[in-house]
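First the structure, in the form of structure tokens, and then the observations on it.
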Amino acid sequence: MNHPVVEKLEREGLPEAEVYGVDGLGNEVYVGDEIYVIDEEYFLKETLTAESQELLQTLKASEEIAQ
């Protein structure tokens, strides 16, 4: 006997992730990803080095969740 969640996943599969867009460096961004936003441009946080993140913070980029 399977758990009801497992049975649902077996019937319907995994839900599709909603694409938010492509960031300034060509990375695909999905709704729910953490991004930095500056001057109407955005960057996927998980792909940036610590130095890049620090630079964006210094330039007053806002940290947001892609919606």
Side-chain angles (χ1 to χ4, degrees):
M1 184 166 159
N2 285 335
H3 189 278
V5 173
V6 172
E7 290 178 354
K8 182 178 180 188
L9 286 172
E10 288 174 346
R11 276 193 318 273
E12 300 173 11
L14 291 173
E16 291 290 319
E18 187 177 345
V19 175
Y20 178 79
V22 177
D23 76 359
L25 299 173
N27 301 300
E28 198 162 55
V29 178
Y30 295 92
V31 171
D33 284 343
E34 294 180 52
I35 57 175
Y36 283 103
V37 179
I38 186 167
D39 296 333
E40 299 179 22
E41 190 71 64
Y42 59 93
F43 302 93
L44 183 59
K45 182 177 179 178
E46 69 183 37
T47 63
L48 299 171
T49 63
E51 291 84 6
S52 297
Q53 291 181 38
E54 187 176 331
L55 175 61
L56 286 168
Q57 291 167 357
T58 300
L59 296 173
K60 306 296 184 209
S62 61
E63 262 187 271
E64 301 178 16
I65 302 295
Q67 298 183 18

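If you take CD on Glu51 and OG1 on Thr58, they are separated by 11.5 Å, rounding to the nearest 0.5 Å. To the nearest 0.5 Å, atoms CD (Gln53) and CD (Glu46) are separated by 10.5 Å. The line from CG of Leu9 to NE2 of His3 is 10.5 Å long, rounded to the nearest 0.5 Å. In this structure, the separation between CZ on Phe43 and CG on Leu56 is 6.0 Å, given to the nearest 0.5 Å. Taking CD from Glu28 and CG from Asp33, the interatomic distance works out to 9.5 Å, rounded to the nearest 0.5 Å. Rounded to the nearest 0.5 angstrom, Tyr36 OH and Leu55 CG are separated by 10.5 Å.
Cluster membership for Ile35 and Leu59, using ILVMFWY side-chain heavy atoms within less than 4.5 angstrom, is not shared.
Within the 3.5 Å criterion, the main-chain N or O of Leu25 finds a donor-acceptor partner in the side chain of Asp23. With hydrogens and angles disregarded, a donor-acceptor distance shorter than 3.5 Å links the side chain of Tyr42 to the backbone of Val22.
Shortest non-hydrogen contact noted between Ile38 and Ala61 is CB-CB, 3.8 Å. The shortest heavy-atom contact between Val29 and Ala66 is CG1-CB, 3.9 Å.
The neighbour count for Glu54 CD, taken as heavy atoms of other residues, nucleotides or ligands under 6.0 Å away, does not exceed 12. In the displayed structure, Asn2 atom CG is contacted under 6.0 Å by more than 12 heavy atoms of other residues, nucleotides or ligands. Counting heavy-atom neighbours within 6.0 Å of Glu10 CD, excluding the residue itself, gives a total above 12. Shown here is Glu16, whose CD atom has no more than 12 heavy atoms of other residues, nucleotides or ligands within 6.0 Å.
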